[in-house]
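Working notes for the structure below.
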There are 2 protein chains.
Amino acid sequence: MREYKEVFLKYLCSEGMKMTRTREAILDAVFVTHSHFDVEDLYQQLRRSKKLVSRATIYRTLPYLLEAGLIRRSMCSDHKEEYEHIYGHPNHLHLLCVSCGKILEQADNELEQVLLRIASQHGFTLDDYVVSLKGHCADCRNKSNKDNDKGER
Amino acid sequence: MREYKEVFLKYLCSEGMKMTRTREAILDAVFVTHSHFDVEDLYQQLRRSKKLVSRATIYRTLPYLLEAGLIRRSMCSDHKEEYEHIYGHPNHLHLLCVSCGKILEQADNELEQVLLRIASQHGFTLDDYVVSLKGHCADCRNKSNKDNDKGER
DNA sequence: ATGGTTGCAAAGGCTTTGCAAACAT
DNA sequence: ATGTTTGCAAAGCCTTTGCAACCAT
């Protein structure tokens with residue numbers, strides 16, 4: 001519970017920086033979100049909770065959260081930096097349907113074992129990973145089959 | 001050999017578009033590159049081969065190459081769209097050393113099997129995947145150990 | 001001839017930054 | 001009191017777009 005605040009505080013101290021209301025609010029906004037978010041999402045989330053924080057400050061704070069190991073970059077989306085928080089959000093993979101844009105998240109043990117093996121084969125530690133699969137989900141495949149029946153495109 | 005030109009031509013036709021010198025030059029520039037590239041890389045590559053193509057046109061062309069299945073988006077780099085070409089460049093994973101920035105590429109069969117299983121478990125086809133592992137390479141671990149011996153930071 | 005394509009320069013969107021005021025300790 | 005942090009607005013960067021000239025067929 002709120003363990004992430006400790007982590008951030010420790011990080012800030014170690015860098016000679018201070019914990020402020022603003023940073024605390026941003027941190028909370030990050031952990032309210034349960035999936036991917038970008039700067040705009042946080043900005044809106046903060047407005048909703050009546051904590052007015054400028055976008056500039058959010059931009060300035062996210063790299064610290066990244067450094068502190070509290071968030072990580074998420075899938076590359078078009079042209080925006082997306083993040084996701086890490087606590088209670090173990091490493092996982094994303095399944096993206098390129099047709100409808102749906103995203104599933106999933107953790108998989110066997111996958112993790114394989115990645116560990118690969119990393120250590122190359123003398124690497126495995127600190128983090130991003131696995132994104134792209135394909136077509138069942139729904140979209142069905143839909144497009146129906147469309148084809150009616151005469152393609 | 002040059003098979004990619006066929007592929008692109010076919011794609012262009014199917015969309016009512018034309019093959020032009022400019023597009024051919026961009027395609028060549030893409031396949032000259034052996035690793036990741038962004039728009040600026042292509043632009044410089046084209047200048048070097050005395051084919052002056054505007055950045056705007058490169059920006060306009062890359063989505064077509066993507067659509068045609070000739071390139072794919074690469075690792076999320078800071079703030080730029082990176083691509084890599086696909087021919088002779090099978091799906092693979094990236095190992096990134098977060099300390100020195102070194103990137104290894106590697107194909108792995110077992111990994112691919114696991115990803116296929118996961119996709120189909122969710123009813124997805126597996127059209128493409130991106131696997132990025134982040135960690136510290138052996139060199140950097142050694143270096144940082146030495147640094148520590150001399151008195152940490 | 002005709003419709004797609006290109007380069008240019010302008011516009012757009014997201015991100016960064018200089019600076020003075022506000023804040024934490 | 002002192003150094004850090006913030007918001008604002010301006011600047012910066014990468015990317016997109018309108019348009020007139022150009023090219024492919």
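Hydrogens, waters and symmetry mates are skipped; everything else that's a heavy atom, side chains included, is used. Below, read A as the first sequence line, B as the second, and so on, with proteins coming before strands; counting in each chain starts at 1.
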A/Leu66, A/Met19: one ILVMFWY side-chain cluster at the under-4.5 Å cut-off?
-> yes

Are any of B/Arg55's side-chain N or O atoms less than 4.0 Å away from OP1 or OP2 of C/dC8?
-> no

Can you check whether A/Val32 reaches A/Gln45 side chain to side chain, under 4.5 Å on heavy atoms?
-> yes

May I ask you to decide if the ring planes of B/His36 and B/His94 are parallel, tilted or perpendicular, using 30° and 60° as cut-offs?
-> tilted

So which heavy atom on A/Cys137 is nearest to which on A/Cys97, and how close?
-> N-SG, 3.4 Å

Would you indicate, yes or no, if D/dT6 has its OP1 or OP2 atom less than 4.0 angstrom from a side-chain nitrogen or oxygen of A/Thr20?
-> yes

Return each pair, listed once, that meets side chain to side chain donor-acceptor pair (under 3.5 Å) where at least one residue sits in residues 57-67 of chain B; pairs must be two or more places apart or across chains.
-> B/Ser54-B/Thr57

Nearest nucleotide by nearest heavy atom, which residue falls closer to the 5' end of DNA chain C, B/Gly16 or B/Val53?
-> B/Gly16

When you match B/Lys18 and B/Pro63 each to their closest nucleotide on DNA chain D, which lands nearer the 5' end?
-> B/Pro63

With the criterion being N/O to N/O and under 3.5 Å, what pairs connect the protein with nucleotides 17-21 of chain D, and how long is each?
| residue | atom | partner | partner atom | Å |
| --- | --- | --- | --- | --- |
| D/dG18 | O6 | B/Arg60 | NH1 | 3.4 |

Value in whole Å for how far the P atom of D/dC14 lies from CG of B/Leu62 = 15 Å

Carefully, step by step, assess B/Ser14 and B/Leu12 under the rule side-chain contact (heavy atoms from CB on, under 4.5 Å).
-> CA-CA 5 Å; B/Ser14 78; B/Leu12 289 172; over 6 Å; no

Count the heavy atoms of every other residue, nucleotide or ligand shown that sit under 6.0 Å from NZ of A/Lys5, and state whether that count exceeds 12.
-> yes

Integer-rounded Å distance: C/dG7 C1' and B/Lys51 NZ = 18 Å

To the nearest 10 degrees, the angle between the two end axes of the helix from C/dA1-D/dT25 to C/dT25-D/dA1 (five pairs per end) comes to 40°

Sole candidate of A/Arg48, A/Glu40, A/Arg47 that passes side-chain hydrogen bond (donor to acceptor under 3.5 Å, both in side chains) when paired with A/Gln44 | A/Glu40

Might you point out which heavy atoms bring B/Phe37 and B/His85 nearest each other, and give the distance in Å?
-> CE2-N, 3.8 Å

Report yes if a side-chain nitrogen or oxygen of A/Arg21 is closer than 4.0 Å to either non-bridging phosphate oxygen (OP1 or OP2) of C/dC23; otherwise report no.
-> no

Under 4.0 Å between a side-chain N or O of B/Thr57 and OP1 or OP2 of C/dT6?
-> no

